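Reading through the structure tokens given below for one structure.
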Amino acid sequence: MKTVTKASAFPPLQTTSALCKSAKVTRGQLRLYEDEGLIAPQSRTEAGYRQYGTDTLDRLKAIMHLKELGFTLADIALLLSERDQGALDEPAIQRLAGELLSKIDERIAGLRVIRGYVAPVSVGDMSVLQDEDCHFVVEFMTALSAEKTRRRA
């Protein structure tokens, strides 16, 4: 007797367009992640169009979250590779965590400096704007204002 497998038994494949829309990424980002080996199409149509498995969406979300945390694509590739192999290289993960912690501390220090200039302005003390070292604050505030104007248009 011949075994028949229903089409519903196979996971549905997503087109590039559908995947980009679901993951809120551009085609360029998708190609970059593919070039970096972070994702791969599961198959291609006869016409050569890429088709992605349903697990690719979760993988893209993980990539985006890791990027938001400050990891580089090389770091992300290492982390995903470790996960894919089922074994973690603890010293490598510890090194990555230490590097990320340093980046976070640098960013916090930079934000504190900027906050020191912006906080007085927010309560009406414009004298800080006369300081030559804080000219960037005026440029920053002007850029924010221009961005809000563009969004309303």
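Here the structure is a predicted model, which is why all the values come from computation and not from measurement.
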*asked:* Check for me, please, whether Val121 and Ile114 land in the same ILVMFWY cluster - side-chain distances under 4.5 Å, paths through other members count.
replied: yes
Any donor-acceptor N/O pair, Ser22 side chain to Leu19 backbone, under 3.5 Å: no
* Step through the shown structure and confirm whether more than 12 heavy atoms of other residues, nucleotides or ligands are within 6.0 Å of CZ on Arg112. => no
Practice problem: Mind running side-chain contact (heavy atoms from CB on, under 4.5 Å) on Gln29 and Met64 for me, showing each step along the way? | Solution: CA-CA 10 Å; Gln29 286 173 301; Met64 300 305 288; 3.9 Å; yes
For Thr15 and Gln51, what are the C-alpha separation, side-chain angles and deciding distance, and is it a side-chain contact (heavy atoms from CB on, under 4.5 Å)? CA-CA 5 Å; Thr15 63; Gln51 293 182 309; 5.6 Å; no
The reported gap from CD in Gln14 to CG in Asp55 (rounded to nearest 0.5 angstrom) is 9.5 Å
Closest non-hydrogen contact found for Arg50 with Glu34 is NE-OE2, 2.9 Å
CZ (Phe71) and CG (Leu100) are apart, to the nearest 0.5 Å, by 4.5 Å
Do Tyr49 and Leu13 belong together in a cluster built from hydrophobic side chains that touch within less than 4.5 Å?
no
Those residues at least two apart in sequence (or on a different chain) that pass side-chain hydrogen bond (donor to acceptor under 3.5 Å, both in side chains) with Lys103 are none
In short, salt bridge (Lys or Arg N to Asp or Glu O under 4.0 Å) pairs touching residues 66-81 with sequence neighbours left out are none
#### Entry: ILVMFWY network linking Ile76 to Leu69, side-chain heavy atoms under 4.5 angstrom
yes
(Q) Ile39 vs Tyr52, test: side-chain contact (heavy atoms from CB on, under 4.5 Å). Steps then yes/no. (A) CA-CA 9 Å; Ile39 62 167; Tyr52 298 90; 4.2 Å; yes
Val118-Leu111 co-clustered via ILVMFWY side chain contacts under 4.5 Å = no
Nearest heavy-atom approach of Pro120 to Gly116 is CD-O, 3.2 Å
Salt bridge (charged side-chain N to carboxylate O under 4.0 Å, His left out) filter on Glu99, not counting sequence neighbours, yields Arg95
Result for side-chain contact (heavy atoms from CB on, under 4.5 Å) between Leu38 and one of Leu73, Thr56, Leu32, Leu60 points to Leu73
Is it possible for you to say whether Tyr117 and Met126 belong to one hydrophobic cluster, with membership spreading through side-chain heavy-atom contacts below 4.5 Å? yes
When rounded to the nearest 0.5 Å, the distance separating CG of Leu66 from CG of Leu96 is 10.0 Å
So OH of Tyr33 and CG of Leu80: to nearest 0.5 Å the spacing works out to 11.0 Å
task: Look at atom CZ of Arg31 and say whether more than 12 heavy atoms of other residues, nucleotides or ligands are closer to it than 6.0 Å.
output: yes
